[in-house]
*Asks:* 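Next up is a structure, given as structure tokens.
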Amino acid sequence: MSGADAGPKAALSEVEKLSIDTIRTLAIDAVQKANSGHAGAPMALAPVAYTLWNRYLRYDPAHPHWPNRDRFVLSAGHASMLLYALLHLAGVAREDGGNEPAVSLDDIKQFRQLDSRTPGHPEYHFTTGVETTTGPLGQGVANSVGMAMGGRFLGERLNKPELPLFDYNVYAICSDGDLMEGVSGEAASIAGHLRLSNLCWIYDNNTITIEGHTELAFGEEVATRFLAYGWQVLRVADANDVHAIASALETFLQSSDRPTIIIVNSIIGYGAPSKQNTAKAHSDALGEDEVRGAKRAYGWPEDAQFLVPDGVVQNFRDGIGARGAALFTQWEGFLKAAEESDAEHAEDVTAFLEGRLPEGWDRDIPVFPADAKGLATRESSGKVLNAIAPHVPFMLGGSADLAPSNKTKLEFEGAGTLAPFEPGGRNIHFGVREHAMGSIVNGLGLVGLRAYGATFLVFADYMRPPIRLASLMELPIFHVFTHDSIGVGEDGPTHQPVEQFLSLRAIPGLVTLRPADANEVAEAYRVIFSLKNQPAVLALSRQPLPTLDRGRYASAAGVAKGAYVLADSDGSPDVILIGSGSEVQLCVSAYETLKAEGVKARVVSMPSWDLFERQDQAYRESVLPPDVLARVAVEQGSVIGWDRYAGSSGAIIGMHTFGSSAPIKDLQKKFGFTPDKVLEAARDQVKKHRR
């Protein structure tokens with residue numbers, strides 16, 4: 001079911017040339033009107049993009065969310081007008097079966113303007129037809145690897161003989177900048193290892209970046225690098241040669257054992273009299289004289305703006321429109337046949353398509369008994385993850401070579417390992433590739449899978465760009481970050497996170513959870529799986545933490561509200577002790593001593609600032625009454641931000657420096673994370689604020 005036309009076409013018809021030049025001139029005019037943007041790459045790549053879209057892409061413009069559509073990723077997001085022009089000319093609908101266009105001609109005229117559907121870089125969820133948010137170079141191609149892995153996983157799990165519900169291909173256009181970014185190398189390496197034959201990158205080899213010719217900084221032989229990765233490497237000597245482009249795409253479609261990169265030599269700003277093949281064509285509006293000159297070179301009316309000539313839209317309807325409609329109808333037949341042949345299989349397919357969790361998905365989550373010795377929260381996380389996974393068949397993930405430490409391996413029967421010839425495995429070995437892992441997890445999430453990654457919290461720094469983009473795209477993926485404090489011990493400050501909590505909490509929309517014991521871990525997972533449009537991260541301990549007696553202290557269900565009263569006094573408290581994660585036990589210890597001394601104390605467990613801030617004012621003030629000024633906040637991380645909860649006159653016990661290499665007990669004593677230090681701070685607060 002390739003969906004391609006019957007073989008490459010040797011000649012370029014008049015309407016095809018007209019269509020290609022329409023893509024070019026729409027980009028030129030939009031950038032010129034905005035006086036901002038990148039027209040050069042669309043001018044160069046229009047023949048490549050046209051050939052892919054109108055001859056090969058399995059995509060129904062009337063149903064842009066069709067689950068088995070080919071994915072097109074413009075990783076070179078600065079060339080956004082290339083994609084917007086294609087979406088407009090192909091007649092992509094804003095909603096499946098709807099009449100409103102995803103991108104109208106008026107939208108193109110509003111390129112880069114406030115609230116327009118044509119922002120400077122393509123944004124997922126914002127413009128229909130944009131498969132992922134690109135802009136930071138390298139992210140799009142890395143996402144495409146996750147999309148391709150997801151497609152093969154779904155095919156293995158949901159296809160039946162003669163019923164190929166999922167067999168889509170993934171295409172990504174990338175630039176020199178994409179291939180310079182390290183994340184693309186990580187992603188290409190794992191794609192080659194996994195033999196992702198449904199993945200095709202099209203490399204725009206125009207040799208120009210913002211600073212000038214790529215020879216300033218990029219002299220490697222890309223083809224040799226990708227051959228070493230295990231990719232099929234194809235070359236197109238001239239981006240205007242649609243016959244060569246079509247031949248390369250045909251070769252990709254006939255390949256079954258490795259991903260493909262097509263290296264296309266192009267001239268940036270093609271047609272611009274003096275700016276083509278220069279850095280001036282990369283990121284500047286061309287200027288009126290260059291615009292007229294380029295249009296003259298295309299045989300275009302020089303003064304026409306935003307012109308879509310007769311026949312161009314019909315050409316796209318006859319190409320991608322007709323082909324896509326036929327393929328979508330065929331797929332609907334497959335879906336109906338699947339529903340009629342196997343009710344259980346049909347329910348699995350429907351649950352996936354609806355993004356619905358199965359009934360009873362959390363029924364096996366354990367309730368952990370009180371235990372003074374307890375478990376490291378990474379240990380309890382592994383138990384909870386393995387209790388959930390058998391009931392959520394479209395959850396998969398893995399670690400950046402740290403699964404034994406992160407406790408993220410799925411151990412139940414049938415979990416399997418996602419491998420070159422086992423695409424349906426649920427355990428992914430990302431290797432030591434944290435940056436690509438984050439981007440690949442995003443790609444898996446973009447095709448509807450519940451995906452996760454894992455590493456040490458300190459290495460979340462490698463993953464900040466994809467985590468930020470996951471939040472921007474509102475993807476319900478999650479990451480398991482263990483070894484969350486100086487409790488790492490002897491590995492020392494290089495492995496001891498200090499500023500990472502603050503960094504993650506600063507990302508809008510991201511839910512950061514740092515549970516205090518095993519039962520808070522269980523509730524944290526309930527929170528994560530309830531999220532529909534937000535990513536989450538778990539920060540978990542290496543060292544054992546006591547499992548609190550929930551008969552004596554409050555239920556861990558309070559995790560869902562971000563912070564809750566764990567232990568309290570009769571009447572208004574004299575002092576409030578606030579902690580997260582491993583430091584909650586210090587607050588509880590101090591609380592018991594204060595209680596014995598007749599001091600009215602309260603312990604607040606605060607696993608998530610993000611969730612707490614979503615609660616109404618009445619709830620927040622019930623937990624942290626404004627008139628109780630005596631407060632102590634405790635966390636083995638940066639103190640920045642904790643004054644929000646401790647108050648301007650409260651005490652904060654946190655990290656002001658990096659850690660040290662030593663046994664954990666020595667570290668806790670050195671940096672003040674002991675019950676005695678918390679108790680001392682609490683007594684000082686009571687004395688300071690005595691009424």
Side-chain angles (χ1 to χ4, degrees), residues 12-51 53-54 74 76 78-89 103-113 116 118-121 173 175 204 206-213 238-242 264-313 315-316:
L12 186 66
S13 69
E14 182 61 32
V15 73
E16 288 180 309
K17 181 182 184 304
L18 206 59
S19 299
I20 290 167
D21 290 339
T22 301
I23 295 170
R24 286 170 162 149
T25 56
L26 285 176
I28 290 171
D29 289 340
V31 171
Q32 187 65 27
K33 183 175 184 293
N35 196 31
S36 173
H38 305 71
M43 293 164 72
L45 290 174
V48 178
Y50 169 81
T51 304
W53 272 63
N54 215 33
L74 184 64
H78 54 273
S80 56
M81 267 310 307
L82 180 68
L83 178 53
Y84 298 147
L86 290 165
L87 294 174
H88 173 64
L89 297 175
V103 175
S104 68
L105 197 58
D106 285 339
D107 292 325
I108 288 176
K109 292 176 182 178
Q110 292 301 306
F111 178 56
R112 288 189 166 223
Q113 304 308 300
S116 81
T118 51
H121 293 85
I173 286 181
S175 64
D204 175 25
N206 64 41
T207 71
I208 297 294
T209 62
I210 290 175
E211 292 186 355
H213 197 283
D238 180 1
N240 292 300
D241 185 348
V242 296
V264 180
N265 294 339
S266 74
I267 298 174
I268 194 168
Y270 176 78
S274 64
K275 290 187 177 180
Q276 71 172 11
N277 205 34
T278 71
K280 290 289 186 182
H282 178 82
S283 57
D284 297 341
L286 293 176
E288 292 184 5
D289 290 343
E290 288 289 306
V291 167
R292 288 194 180 94
K295 290 179 177 178
R296 189 183 313 122
Y298 305 149
W300 205 260
E302 292 180 30
D303 293 322
Q305 292 187 345
F306 300 101
L307 174 63
V308 179
D310 292 342
V312 169
V313 170
N315 180 41
F316 277 91

*Asks:* Roughly how far, to the nearest 0.5 Å, is the CZ atom of R24 from the CG atom of L82?
*Replies:* 10.5 Å
*Asks:* Considering non-hydrogen atoms only, spot the tightest contact between N277 and I208 and give its length.
*Replies:* O-CD1, 3.7 Å
*Asks:* Would you say that more than 12 heavy atoms from the other residues, nucleotides or ligands in this model lie under 6.0 Å from the CG of D289, or not?
*Replies:* no
*Asks:* Whether the side chain of Y84 engages the backbone of P119 through a donor-acceptor N/O pair (distance < 3.5 Å, no angle test) should be reported.
*Replies:*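 Answer holds: yes.
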*Asks:* Where do M81 and A30 come nearest, in terms of heavy atoms and distance?
*Replies:*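 It is SD-CB, 3.6 Å.
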*Asks:* Rounded to the nearest 0.5 Å, what's the gap from NZ on K17 to OH on Y50? Could you check?
*Replies:* 12.5 Å
*Asks:* If you look at every heavy atom in S36 and F111, which pair is closest and at what distance?
*Replies:*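 Closest approach of S36 to F111: O-CE2, 3.6 Å.
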*Asks:* Where is the tightest heavy-atom contact between P309 and L18, given as atom of each residue plus distance?
*Replies:* CB-CD2, 3.7 Å
*Asks:* Evaluate the criterion side-chain contact (heavy atoms from CB on, under 4.5 Å) for residue pair L286 and V31; output intermediate values, then yes/no.
*Replies:* CA-CA 8 Å; L286 293 176; V31 171; over 6 Å; no
*Asks:* Looking at S116 and Q110, would you say the former's side chain and the latter's main chain have a donor-acceptor pair under 3.5 Å?
*Replies:*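 Side chain of S116 to backbone of Q110, a donor-acceptor pair under 3.5 Å: yes, one is there.
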*Asks:* Under 3.5 Å, side chain of E16 to main-chain N/O of S13, donor-acceptor pair present?
*Replies:* yes
*Asks:* Pairs in or reaching into residues 295-311: which pass salt bridge (charged side-chain N to carboxylate O under 4.0 Å, His left out), with residues at least two apart or in two chains?
*Replies:*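 Every pair satisfying salt bridge (charged side-chain N to carboxylate O under 4.0 Å, His left out) with a residue in residues 295-311: D29-K295, R292-D303, R296-E302.
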*Asks:* Nearest 0.5 Å, please: how far is CD1 in I268 from NE2 in H38?
*Replies:* 8.5 Å
*Asks:* Heavy atoms only: give me the nearest N240-P47 pair and the separation to one decimal.
*Replies:*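 Closest heavy-atom pair between N240 and P47: OD1-CG, 3.5 Å.
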*Asks:* Once side-chain hydrogen bond (donor to acceptor under 3.5 Å, both in side chains) is applied, do any residues pair with S104, and if so which ones, sequence neighbours excluded?
*Replies:*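 Applying side-chain hydrogen bond (donor to acceptor under 3.5 Å, both in side chains) to S104 gives D107.
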*Asks:* Within the distance-only criterion (no hydrogens, no angle test), does the side chain of H282 pair as donor or acceptor with the backbone N or O of T209 below 3.5 angstrom?
*Replies:* no
*Asks:* Roughly how far apart are L87 CG and W53 CH2, rounded to 0.5 Å?
*Replies:* 4.5 Å
*Asks:* Quick check: do L89 and S19 have side-chain heavy atoms less than 4.5 Å from each other?
*Replies:* no
*Asks:* Are P301 and L307 side-chain neighbours, meaning at least one heavy-atom pair lies under 4.5 Å?
*Replies:*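 The answer is yes, as the side chains (C-beta and beyond) meet within the 4.5 Å cut-off.
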*Asks:* Nearest heavy-atom pair of A34 and Q113: which atoms, and what distance?
*Replies:*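 Nearest heavy atoms, A34 then Q113: CB-NE2, 3.9 Å.
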*Asks:* Supply the atom-to-atom distance K33 NZ to R112 CZ, rounded to the nearest 0.5 angstrom.
*Replies:*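 Reported to 0.5 Å precision, the distance equals 14.0 Å.
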*Asks:* For the pair Q32 (side chain) and V291 (backbone), establish whether a donor and an acceptor sit closer than 3.5 Å, ignoring hydrogens and angles.
*Replies:*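 Flag not set: sc Q32 to bb V291 has no pair under 3.5 Å.
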*Asks:* Got a sec, which residues hit side-chain hydrogen bond (donor to acceptor under 3.5 Å, both in side chains) with S80, two or more places apart in sequence or on another chain?
*Replies:*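 Not a single residue meets the side-chain hydrogen bond (donor to acceptor under 3.5 Å, both in side chains) criterion with S80.
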*Asks:* Can you tell me if E290 uses its side chain to pair, donor with acceptor, with the backbone of S274 under 3.5 Å?
*Replies:*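 Checked: pair present.
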*Asks:* On the 0 to 90° scale, with breaks at 30° and 60°, tag the Y270-Y298 ring pair as parallel, tilted or perpendicular.
*Replies:* parallel
*Asks:* Between atom CG of L105 and atom NZ of K109, what is the distance when rounded to the nearest 0.5 Å?
*Replies:* 5.0 Å
